[in-house]
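Nothing here was measured: the structure is a model prediction, and the numbers come from that model.
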Amino acid sequence: MEAIAAFAQESGIDRLEIREPGVTGFVDFGLEAPVDGHSLAALIPPDLTGYYGGAEVSVPVALELVRAMLSDQGAWCRLEQQGTFTVHVGWDARCRRQDRACGLG
């Protein structure tokens, strides 16, 4: 999380757009304790308003979305800033980022 925050700060980014958002039902791979509902409850209103393609979130909220994705808590999306900075969690639970200044990391 610290690396993503540092890259965003270095790139002058304070907000990211949600792209291709998804929420699954109850998922339990035994790695993390399950949460009631979905992992977005503390970040997004319960009816998921604010969680749609193109919605903007602050970097701290984006970091919590990444944390939820890495914890297999049922949320997934890409986070980007107008094609210049992208963060997403792959199927293998590895976090990837790309920005124009640093390339693929």
Side-chain angles (χ1 to χ4, degrees):
M1 298 302 146
E2 291 175 14
I4 295 169
F7 289 130
Q9 183 177 9
E10 183 179 308
S11 299
I13 293 170
D14 62 349
R15 301 191 66 74
L16 293 165
E17 293 180 9
I18 295 173
R19 297 285 183 214
E20 301 176 28
V23 177
T24 62
F26 176 73
V27 177
D28 183 9
F29 296 109
L31 302 175
E32 299 286 337
V35 295
D36 290 333
H38 50 74
S39 58
L40 302 173
L43 304 172
I44 307 290
D47 62 358
L48 296 179
T49 56
Y51 188 63
Y52 58 90
E56 287 191 0
V57 295
S58 66
V59 170
V61 171
L63 294 176
E64 290 305 314
L65 287 170
V66 171
R67 186 181 317 278
M69 291 184 272
L70 289 171
S71 299
D72 291 327
Q73 294 294 332
W76 188 90
C77 65
R78 284 186 301 114
L79 298 159
E80 67 179 40
Q81 178 54 273
Q82 297 180 350
T84 62
F85 186 91
T86 302
V87 176
H88 79 93
V89 176
W91 62 270
D92 55 358
R94 292 188 179 171
C95 187
R96 294 168 170 83
R97 65 121 185 128
Q98 180 175 359
D99 66 42
R100 194 174 350 164
C102 298
L104 185 60

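Contact between Gly50 and Ala55 at its shortest, heavy atoms only, is O-CB, 3.3 Å. Across every non-hydrogen atom of Tyr51 and Ala75, the tightest pair is OH-CB, 4.2 Å. Nearest approach of Phe85 to Ile4, heavy atoms of both residues: CZ-O, 4.2 Å. The minimum heavy-atom distance linking Pro21 with Cys77 is given by the pair CA-CB, 3.8 Å.
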Fill in: Audit row: Arg19, Thr86, side chain to side chain contact (heavy atoms under 4.5 Å, CB included) steps and yes/no
CA-CA 10 Å; Arg19 297 285 183 214; Thr86 302; over 6 Å; no

### Query
What do the steps show when you test Ser58 against Arg15 for side chain to side chain contact (heavy atoms under 4.5 Å, CB included), and what is the final call?
CA-CA 4 Å; Ser58 66; Arg15 301 191 66 74; 3.9 Å; yes

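Annotation: Glu56, atom CD; neighbour count of heavy atoms from other residues, nucleotides and ligands within 6.0 Å is above 12.
Remark: Met69 CE to His88 NE2 distance equals 9.5 Å, nearest 0.5 Å. Atom CE of Met1 and atom CD of Glu64 lie 7.5 Å apart (nearest 0.5 Å).
Looking only at distances, a side-chain donor or acceptor of Trp76 sits under 3.5 Å from a matching main-chain atom of Val89.
Side-chain contact between Leu65 and Leu16 is absent, with no heavy atoms from C-beta onward closer than 4.5 Å.
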